[in-house]
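Below is one structure, written out as C-alpha cells, with a few remarks after it.
Every chain is numbered from 1 and lettered A, B, ... according to where its sequence line falls, protein lines coming before strand lines.
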Amino acid sequence: MAISSATKAATDALSVNRAPVSVGAQEVHKWMQSFTWDFDKNRTKYSTKYKMANDTKEQFKLIAKEYARMESVKDERQFGSLQDVLTRVDAANRVHPKWNESMKVISNFLEVGEYNAIAATGMLWDSASAPEQKNGYLGQVMDEIRHTNQCGYINYYFAKQGQDAAGHNDARRTRAIGPLWKGMKRVFSDGFISGDAVECSINLQLVGEACFTNPLIVAVTEWASANGDEMTPTVFLSIETDELRHMANGYQTIVSIANDEAASKYLNTDLNNAFWTQQKYFTPVLGMMFEYGSHFKVEPWVKTWNRWVYEDWGGIWIGRLGKYGVESPASLRDAKKDAYWAHHDLFLLAYALWPTGFFRVTLPTAEEAEWYEANYPGWYDMYGKVYEEWRSRGCEDPNSGFLPLQWFAENNHPIYIDRVSQVPFCPSYCKGASTLRVLEFNGKKHSFSDPWGERMWLSEPERYECQNIFEQYEGRELSEVIAEGHGVRSDGFTLISQPHTNKDGKLWTLDDIKKIGCVFADPLKAL
Amino acid sequence: MSTSSNAYGAGIMAKTGKAFADEYFAEENQVCKETNDVVLVLKKSDEMNSVVQEILLGDRKADNPTLVVEDRAGYWWLKATGKIEVDCREVSELLGKNFSVYDFLVDVSSTIGRAYTLDETFTITSELMGLDVKLQDLATA
C-alpha cells in the first residue's frame with residue numbers, strides 16, 4: 001500500500017534528523033529545533049506596533065515531558081505539606097488574626113491576576129513568531145492555570161481549616177462595592193490583556209512579574225511566617241518557582257523587539273506607563289497589607305520596595321538595558337514618594353471605608369504607632385493622631401454611631417477616585433504623590449490623582465470609563481448598598497468587614513450602619 | 001551578620017528613620033542605576049538546603065567570594081556580583097541520586113538577572129543573554 005505524502009514527508013525528515021538515542025531533555029530540545037518550524041509569516045488576532053524577531057530563545061530549554069514532571073513534583077510537595085503536616089498541627093488557627101485578614105485580600109486578588117494572565121499569555125503565544133518564544137509563552141499559559149487553582153485553594157484552606165471564613169470564601173461577591181476591587185482589575189486585568197500585545201507583555205511580565213511579584217509572592221512569605229502563617233509560604237513560594245520563566249519570557253519579549261525601529265520610538269513610554277500603572281496599585285496596597293495587616297513587622301515596607309523594586313529591578317533589569325535605549329521610568333520619583341507614604345494614605349481611607357470591604361481592619365496599637373513613627377518620621381502628626389481621635393470616638397463599637405468616613409466630611413476632606421487607576425485618594429489630606437486634577441469629557445467630570453494617569457487618559461479616554469462607587473451609588477444609603485452588594489455574612493445582617501479583629505468585640509450589623517444615615521455623594525458634583 | 005555590600009541589610013538598608021529617608025529621597029537616587037548583581041531565591045527544601053550549605057557555601061565557596069546567602073524564613077536569598085552557577089551533576093553526587101537541572105528548577109523561586117540552563121548547569125548572570133551574548137544550545141556529537 002502506498003504511503004501518504006504526509007507520512008513520506010515525516011519519514012524523510014526523520015531520516016535526515018535522526019531522533020536522539022538518549023532521552024536527555026536538552027538533547028530532545030535540540031533535536032526538536034531541527035524541524036525548523038516557520039512562524040515568520042505568523043498571522044495573529046492580537047497585533048502590536050512592534051515587529052517581534054523570529055529567532056528569540058526560551059532560556060530554560062523546556063520540553064513538555066520535563067515541564068509536566070517538574071510541575072507534578074511541585075504540586076505533590078505543596079499539597080502534601082498542606083494536607084498532612086500543616087493540617088495535623090492546626091496551622092490555620094495559629095495565624096495571627098490580623099494576618100488572616102490580609103490573606104483574604106492578597107490571595108483573592110492574586111487569583112484574579114493569575115486568571116487574567118492565562119488570557120494574556122495565550123494572546124502573546126498567538127502574537128509571537130519565534131518557535132521557542134511561543135514555547136515559553138505556552139508554558140506560561142499552563143503555569144497561570146496552576147496558579148489560579150493554587151490561589152483559590154489557599155483561600156479554601158483558610159476558610160475550611162482556619163478562623164473567620166467570611167471573606168476567604170466568595171470574596172468576589174463584594175466586587176461592586178469594595179473600593180479596592182476596581183483598581184485591582186485595572187492592574188491585574190485591563191493592564192494585562194487590553195491593547196497592544198507587547199505593551200501587555202511589558203505590563204504583565206517585565207513589570208508585574210519581574211518587579212512586583214518579588215514583594216507580592218516572595219517577600220510576603222516572610223511576613224506570613226513572622227505572623228504564624230506557614231500555608232502561604234508553602235503555596236506562594238511554589239507559585240514563584242514558575243515566575244522565573246515568566247520573567248525570562250518578558251525579557252525575551254524585549255530581546256525580540258530590541259532591534260526594531262519602533263522600540264526607539266515607543267518602548268520607554270510603554271515601560272513608564274506600565275511601571276506607573278502597576279506601582280500605582282501595588283505600592284500602596286501591598287504596603288498596607290504588610291504593615292497594617294500584620295502584628296509582627298519584618299521591616300518597613302519602604303525598605304522592601306527599595307530593595308526589590310528600586311535596587312534590584314531598577315538596577316539589574318532596567319539599568320542593564322540602558323545601552324539598548326531603555327531609560328529609567330520618568331515616574332520613578334513619584335513612585336518612590338508613594339512607596340514611602342501612599343500605603344499610610346490608603347489605610348486611612350481603607351479604615352474609613354471599612355463597611356464596604358470583605359476583610360476586617362484594625363487600628364494601630366500604641367506599640368505599632370511607635371514603630372511607624374520611628375520608621376516614617378512625621379507619621380504620628382499626620383496619621384497617628386487621627387487614629388487616636390477615631391478610637392476615642394468609639395469607631396470600633398457599633399453603639400458609638402461613628403464611622404470614620406464622617407471625619408472626612410466634618411473636616412472638609414473629600415475622597416475622590418482616580419479615574420485611571422481607580423485608587424481612592426484624598427488630595428487635601430495625604431503625603432503620597434497625589435494631587436487633584438479634574439477634566440471634563442462628553443459632559444462627564446473625571447478626577448485624577450497624578451499627571452501620569454492623566455496623560456494615559458488623555459491619549460485614550462474611552463478606555464477608562466469604569467464608574468466608581470461614588471457615581472454608582474450616589475444618593476443611596478450605605479446599609480442598603482452593603483446589603484445589595486452582598487457585604488454581609490451568612491446570617492444576612494452582620495457585616496463581613498469589621499473595624500477590629502477582637503474576638504470579644506461586638507460585630508457591626510446593617511442596622512448599626514442604617515442608624516448613622518450615611519449617604520453616598522459624588523464629590524465631583526460639588527466642583 | 002555579613003558585612004558584604006551584597007548583604008540583605010547593606011548600604012541604605014542599614015539606616016533607619018530620617019537617615020534612611022535622606023538617602024532614599026536624595027536627588028541622585030531618583031533614577032535607576034545599572035548594577036552587575038544578580039539575585040536568586042531558593043525555596044527551602046531538603047535538596048536546596050544541601051545545595052546552599054554543602055556546595056554554594058561549602059565546596060564552591062571560594063569560586064564566588066561575592067556571594068551572600070541569607071535565611072529569610074521560607075527561602076534562601078542569594079546575591080552575587082556577576083553570576084551564580086550550579087552544576088547539577090555535583091548535586092547528584094552529593095545527594096546520591098539523579099538530580100537534573102529540572103529537578104533543581106522545582107525549588108528556584110525567583111531570579112533577578114538572566115537565568116538559563118545549559119545541559120545540567122543552571123546559571124543566573126548579569127550578562128544580557130540574547131543581546132550581548134548568544135544563548136547556547138546543547139552541543140551534540
Side-chain angles (χ1 to χ4, degrees), chain A residues 20 25-27 29-30 33 56-57 59-62 66 69-70 73-74 77 210 213-214 218 221-222 224-226 233-234 237-238 240-241 243-244 247-248 251-252 255 258 302-303 306-307 310-322 324 328-329 332-333 336-337 340 374-375 377, chain B residues 8-9 11-13 16-18 20-21 24-25 29-45 72-75 77 79 100-103 105-120 122 124 126-132 134-135 137-140:
Chain A
Q26 299 215 348
E27 200 171 347
H29 180 267
K30 169 85 175 171
Q33 287 176 328
T56 315
K57 309 288 277 186
Q59 294 170 203
F60 298 95
K61 304 180 180 62
L62 262 186
E66 288 305 311
R69 195 175 64 82
M70 213 166 67
V73 174
K74 292 178 188 180
R77 289 180 176 208
T213 63
N214 283 316
V218 177
T221 66
E222 209 177 338
S225 292
T234 303
L237 288 170
S238 184
E240 193 72 6
T241 60
E243 297 291 343
L244 75 158
M247 296 169 190
Y251 170 69
Q252 288 297 328
V255 171
V302 66
K303 284 192 173 181
N306 191 65
R307 175 183 301 107
Y310 176 62
E311 290 187 348
D312 292 347
W313 180 78
I316 299 171
W317 285 112
I318 304 308
R320 289 287 286 141
L321 286 165
Y324 289 91
S328 183
L332 179 67
R333 182 190 298 272
K336 289 193 78 171
K337 190 175 178 190
Y340 202 92
N375 288 292
Chain B
Y8 201 76
I12 186 176
M13 296 302 182
T16 55
K18 185 176 180 307
F20 175 88
Y24 177 82
F25 287 118
N29 291 327
Q30 303 309 309
V31 291
C32 298
K33 294 172 182 170
E34 179 179 3
T35 78
N36 280 321
D37 299 330
V38 292
V39 174
L40 184 60
V41 174
L42 302 178
K43 181 173 180 282
K44 282 186 182 172
S45 67
R72 308 305 306 179
Y75 62 91
W77 179 90
K79 189 169 191 175
S100 78
V101 75
Y102 299 103
D103 293 315
L105 289 181
V106 165
D107 288 319
V108 178
S109 264
S110 190
T111 52
I112 309 179
R114 271 55 61 186
Y116 62 93
T117 65
L118 183 59
D119 199 3
E120 292 300 336
F122 169 88
I124 178 165
S126 64
E127 289 184 306
L128 295 173
M129 306 306 296
L131 289 171
D132 288 353
K134 197 171 182 298
L135 271 161
D137 291 308
L138 189 68
T140 48

Which atoms of [X] come close to chain B, meaning under 4.5 Å heavy atom to heavy atom: side chain ones, backbone ones, both, or neither?
X: A:M70; result: both
X: A:N214; result: side chain
X: A:S238; result: both
X: A:A258; result: side chain

Portion of [X] that has a non-hydrogen atom of chain A nearer than 4.5 angstrom:
X: B:L118; result: both
X: B:V108; result: both
X: B:F20; result: side chain
X: B:K44; result: neither

Could you grab the distance from atom [atom1] of [X] to atom [atom2] of [Y], nearest 0.5 Å is fine?
X: B:M129; Y: A:K57; atom1: CE; atom2: NZ; result: 11.0 Å
X: B:E34; Y: A:I316; atom1: CD; atom2: CD1; result: 11.0 Å
X: B:C32; Y: A:W313; atom1: SG; atom2: CH2; result: 6.0 Å
X: A:Q26; Y: B:E120; atom1: CD; atom2: CD; result: 7.0 Å
X: A:E222; Y: B:R72; atom1: CD; atom2: CZ; result: 4.0 Å
X: B:L42; Y: A:L237; atom1: CG; atom2: CG; result: 10.5 Å

Check your understanding: A:Y251 ring centre to B:R114 NZ or CZ under 6.0 Å, with the angle to the axis within 45°?
Key ->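 Yes, a cation-pi geometry.
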Partner chain A: residue of [options] with the largest heavy-atom pair count (under 4.5 Å):
options: B:L131, B:T111, B:V39; value: B:L131
options: B:D132, B:L135, B:N36; value: B:D132
options: B:V31, B:D103, B:V38; value: B:V31
options: B:T16, B:I124, B:N29; value: B:N29
options: B:S110, B:S100, B:G74; value: B:S110
options: B:F122, B:Y75, B:Y24; value: B:Y24

Among the listed options [options], the residue most often paired with chain B at heavy-atom distances under 4.5 Å:
options: A:E243, A:H29, A:Q59, A:R69; answer: A:Q59
options: A:S225, A:A210, A:P233, A:P377; answer: A:P377
options: A:A224, A:G314, A:S328, A:A226; answer: A:S328
options: A:L321, A:N375, A:V218; answer: A:V218

Check your understanding: Side chains of B:L138 and A:E27: closer than 4.5 Å at any heavy-atom pair?
Key ->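 Yes, their side chains come closer than 4.5 Å.
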Point to revise | Evaluation steps, side chain to side chain contact (heavy atoms under 4.5 Å, CB included), between A:L62 and B:T117 | key: CA-CA 9 Å; A:L62 262 186; B:T117 65; over 6 Å; no
Exercise for review: May I ask you to say whether A:K74 pairs ionically with B:D107, meaning some side-chain N is under 4.0 Å from a carboxylate O?
Suggested key: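 Salt bridge: no.
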Check your understanding: Please walk me through it: do B:F25 and A:Y340 pass ring-ring contact (aromatic ring centres under 6.0 Å, His included)?
Key -> CA-CA 10 Å; B:F25 287 118; A:Y340 202 92; 5.2 Å; yes
Review point. Looking at B:D137, B:V101, B:D119, which one forms a side chain to side chain contact (heavy atoms under 4.5 Å, CB included) with A:K61?
Key: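 In the set B:D137, B:V101, B:D119, the residue that makes a side chain to side chain contact (heavy atoms under 4.5 Å, CB included) with A:K61 is B:D137.
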Point to revise | Shortest non-hydrogen separation from A:E311 to B:M13 and the atoms involved | key: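 In this case the closest contact between A:E311 and B:M13 is OE1-CE, 4.2 Å.
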